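Reviewing the structure listed below.
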Number of protein chains: 2
Amino acid sequence: MPWVYINEIGQHEGQDVTLKGWLYNKRSSGKLHFLQVRDGTGILQCVVFKSDVPPEQFDLADHLSQESSLIVTGTVRADARAPLGYEVSVKDLQLVHTAESYPITPKEHGVAFLLDHRHLWLRSSRQHAILTVRSAVIRACRDYFDGKGFTLLDAPIFTPAACEGTTTLFATDYFGETAYLTQSGQLYAEAGALAFGKVYCFGPTFRAEKSKTRRHLTEFWMIEPEVAFMDLAGDMDLAEDFVEYVVQRVRREQRSHLEALERDMTVLERVRKPFPRVTYSEAVELVRQAGFLIQWGDDFGADEETAISKQFDRPVLVHRYPTECKAFYMKADPENPRLALCVDVLAPEGYGEIIGGGQREDDLETLRAKIRAHNLPEESFGWYLDLRRYGSVPHAGFGMGIERVVAWICNLPHVRETVPFPRMLERLRP
Amino acid sequence: MPWVYINEIGQHEGQDVTLKGWLYNKRSSGKLHFLQVRDGTGILQCVVFKSDVPPEQFDLADHLSQESSLIVTGTVRADARAPLGYEVSVKDLQLVHTAESYPITPKEHGVAFLLDHRHLWLRSSRQHAILTVRSAVIRACRDYFDGKGFTLLDAPIFTPAACEGTTTLFATDYFGETAYLTQSGQLYAEAGALAFGKVYCFGPTFRAEKSKTRRHLTEFWMIEPEVAFMDLAGDMDLAEDFVEYVVQRVRREQRSHLEALERDMTVLERVRKPFPRVTYSEAVELVRQAGFLIQWGDDFGADEETAISKQFDRPVLVHRYPTECKAFYMKADPENPRLALCVDVLAPEGYGEIIGGGQREDDLETLRAKIRAHNLPEESFGWYLDLRRYGSVPHAGFGMGIERVVAWICNLPHVRETVPFPRMLERLRP
């Protein structure tokens, strides 16, 4: 009998097949049991008629505990009432393992309890849907850059120096030296762009932030493209095109999971080019009109970002922040040196910044002066300055945080459900 | 004038185009300069005739330093002698930035010097070829599992406990607790397999090994599939099919880069199913026949692995090692409990182990006893034991180290060139 997965069941109508999975839920009447069986690719109703199986198997079906593992053989039948359009009439039911009393029941559990049982919570249909969307988002991101001729160039995790200050770094002893866990692969991606033209890195990044917000993880994945001979205008076009591609592809591929999450699909359908673009100064006006007290020069927090993004029905690009809001490597706008040639992309619906990027300073002496002005150790940046010594070129890029994008696409209240095993302040387990 | 990349040059024969790149090399005669221009996608000869450009541009071409950045406009012409089949007749040459005296010259440099200048060494054609192959290997790996319905499930980097002993762990302070950097995502992938059926994780892993060998990095990337209801036989089939797919696809896609690396392509062409399979006991005999003194029960080192793999013209699967050679989570062979249901895949040509995997212990009490016998802290593995409490199933998987596979496919003497910024004992920079 062929072993098939539930997401392929439609190819086997009328045939006898074997399923291997777990009992997700169960209803019974006197003469039949309805077993909801999950196998990781879907949930299927398997119907056990008293007359179709030996008495001990019928009795087994009656006493199966939630999450017990089993092997079911039966005939695939079309059934318009079933969520997948099919169910299985069981001919043989074999128990693999009887689950102990399962801790996660249909009743409401607190978040701490569920996170403590994350290794089991993954099996719940809602978590399954979110993490399947995550997998699809990551595939779309990679396919986008691979399809445009970018070379994947993994940045190192261990770094000898901080990219953006040292207060939020995780450190480790590295054979007697101190190594820091990367906060961004960007500086290395810049070296890559000057060698390969168009590169991206994609890996975990780390921030030892003590903040407990719905947007922060200590460990999160970031994709960072970097392109030689690209300026801020090209960077904004790339970010816009990329976000449209990822959202539209995931919307098409993951419709059933997104609908299961009760996502308003019309919001995602609207994520089409061109996105609105405002300068930082225009954004300050929007924030003030929303009733916030803010000075020109202040950075935006989560509330201000929400106030800005609420004005638009799709992601908005905010460009040219004051230089003091941004990192040392940002190039100043030649038309107004108080401004950085940078861009943030804010997602709608209050999700805030999903992308930060810009054009990099490419002049050796200007960059050296900025490193000094930021009190960064110049000797650690010698190699980075080399990129401005040997054939410097205008270049730009950005970083997009995967978890925030998944939270937005799925419309989740917190990023913690967008990653299989979230790491936060006070959360290192399981 | 359209800006084109060198790897698209063939689509523009007869047209005027603009290239943006760096001077890789140069030859001159009185009336013309041959500029080898690289742009990250290829190297193209641009010919500057004295009569085609203003005198100051001809003079500029004469004095360009290696790695200076430039913008070239000219006509694409077919030329059978050129490596790409085309060259460009230059009409306009603009300097972007004059490179200082470039430290990497065609003369031989020591490895330490080149690694100190890794951010520039990436521009050399050999390094460029290797890292392009790496990018293609990673794409092939992901496409293989995505195409077979596996869900990507990223394992965490921060873990509270060691998977395979504590002597080779990097540790960090995690808000007052000690967190360790992951050595393998496997335990988490097991939780994923029981939730999603078929999963893989793919990320950096870390080993604080003090060994200085040609096979070891402290930070390396590993892809780890895990499948519920799969046994050792299925695991071996999967590993074999996967390795064949990756090697054959990369061989086809990366022929020009592999030939530039002077790779013997016939070796790669032979990597076809079925691969030879030998038991550990048979492998011990092969090692003895090769003249080594080895006891049944000893693990294989690099030399023994080479002795085994030399007997075969393609990768060899060595299965059923003694349990004491392997980690606590390996399931014992019911037909001989001294043996583990495990498999290593050894690459030919002395590259040794590229894959390690096997069937996992799925019985709660047996696993608990093994955790105790290995002196591991049982409380740290409570969640892992849960996977055997709630619907335990047979399951198996493996891990493949990307850097070793790239080293083998490219036929490199050392893994350090297979990663953009290698991290080794005494190597944390740049």
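Numbers restart at 1 for each chain; the letters A, B, ... are given by sequence-line order, proteins then strands. Please read these numbers as outputs of a predicted model, since none were measured by experiment.
Note that CG of A:Leu44 is 5.0 Å distant from CD1 of A:Ile6, once rounded to the nearest 0.5 Å. Atom-to-atom distance recorded for B:Phe206:CZ and B:Thr159:OG1 is 10.5 Å, nearest 0.5 angstrom. In this structure, the separation between OG on B:Ser68 and OH on B:Tyr102 is 11.0 Å, given to the nearest 0.5 Å. Note that the NE2 atom of A:His97 and the CG atom of B:Asp363 stand 7.5 Å from one another [nearest 0.5 Å].
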Task: Stepwise salt bridge (charged side-chain N to carboxylate O under 4.0 Å, His left out) check, B:Glu219 with B:Arg427 - done: CA-CA 11 Å; B:Glu219 177 186 323; B:Arg427 170 63 57 193; over 6 Å; no

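Annotation: maximal heavy-atom pairing with chain B below 4.5 Å, among A:Ala193, A:Gly203, A:Ala208, occurs at A:Ala208. Of the listed residues (B:Ser392, B:Ser69, B:Ser135), the greatest number of heavy-atom pairs within a distance under 4.5 Å of chain A belongs to B:Ser392. With respect to chain A, the highest number of heavy-atom pairs below 4.5 Å among B:Leu152, B:Leu23, B:Leu194, B:Val96 belongs to B:Leu194. Taking chain B as the reference chain and counting heavy-atom pairs below 4.5 Å, the highest number among A:Ala191, A:Pro430, A:Gly197 is found for A:Pro430. No other option in A:Phe158, A:Phe421, A:Phe170 has as many heavy-atom pairs under 4.5 Å with chain B as A:Phe158. Chain A forms more heavy-atom pairs under 4.5 Å with one residue of B:Leu181, B:Asp173, B:Ile157 than with any other, namely B:Ile157. Taking chain A as the reference chain and counting heavy-atom pairs below 4.5 Å, the highest number among B:Arg118, B:Arg388, B:Gln127 is found for B:Arg388. When each of A:Gln66, A:Glu190, A:His117, A:Met424 is scored by its heavy-atom pairs under 4.5 Å with chain B, the top score falls to A:Met424. The choice from B:Glu426, B:Glu8, B:Lys20, B:Glu67 that makes the most heavy-atom pairs within less than 4.5 Å of chain A is B:Lys20. For the set B:Thr98, B:Ile138, B:Val419, the count of heavy-atom pairs under 4.5 angstrom toward chain A peaks at B:Ile138.
The shortest non-hydrogen separation linking B:Val4 to B:Leu19 is O-CD2, 3.5 Å. Closest of all the heavy-atom pairs between B:Gly391 and A:Ala99 is N-CB, 3.6 Å. Between B:Leu122 and A:Phe196, the shortest heavy-atom contact is O-CE1, 4.0 Å.
Heavy atoms of A:Ser380 lying under 4.5 Å from chain B are absent altogether. When heavy atoms are compared at a cutoff of 4.5 Å, A:Ser125 does not approach chain B at all. Contact of A:Leu428 with chain B is made through backbone and side chain together, with heavy-atom distances under 4.5 Å. Proximity to chain B (any heavy atom under 4.5 Å) is shown, for A:Pro422, by neither the backbone nor the side chain. Proximity to chain A (any heavy atom under 4.5 Å) is restricted, for B:Ser101, to the backbone atoms N, CA, C and O. With a 4.5 Å cut-off on non-hydrogen atoms, A:Val227 touches chain B through its side chain but not through its backbone. For chain B, the nearby parts of A:Ala228 are the backbone and the side chain; heavy atoms of each come within less than 4.5 Å. For A:Leu364, the part lying near chain B is the side chain, with the backbone staying farther off; criterion is any non-hydrogen pair under 4.5 Å.
Between the B:Thr205 side chain and the B:Met222 main chain, no donor and acceptor come within less than 3.5 Å of each other.
Counting only residues at least two apart or in different chains, salt bridge (Lys or Arg N to Asp or Glu O under 4.0 Å) contacts with residues 127-136 of chain B comprise A:Asp154-B:Arg134, B:Arg134-B:Glu403.
Close approach to chain B, defined as a heavy atom under 4.5 Å from one of its heavy atoms, is seen in A:Arg142, A:Asp146 of residues 141-148 of chain A, taken by number.
A:Thr418 places none of its side-chain heavy atoms less than 4.5 Å from the side chain of A:Phe220. Side-chain contact between A:Asp386 and B:His119: present, with at least one pair of heavy atoms (C-beta onward) separated by less than 4.5 Å.
A:Leu114 meets the side-chain contact (heavy atoms from CB on, under 4.5 Å) test with A:Ile104, A:His109, A:Trp121; sequence neighbours excluded. With sequence neighbours excluded, no residue forms a ring-ring contact (aromatic ring centres under 6.0 Å, His included) with B:His395.
Under the ring-ring contact (aromatic ring centres under 6.0 Å, His included) rule, B:Tyr188 has a single partner from B:Tyr200, B:Tyr384, B:Trp383, which is B:Trp383.
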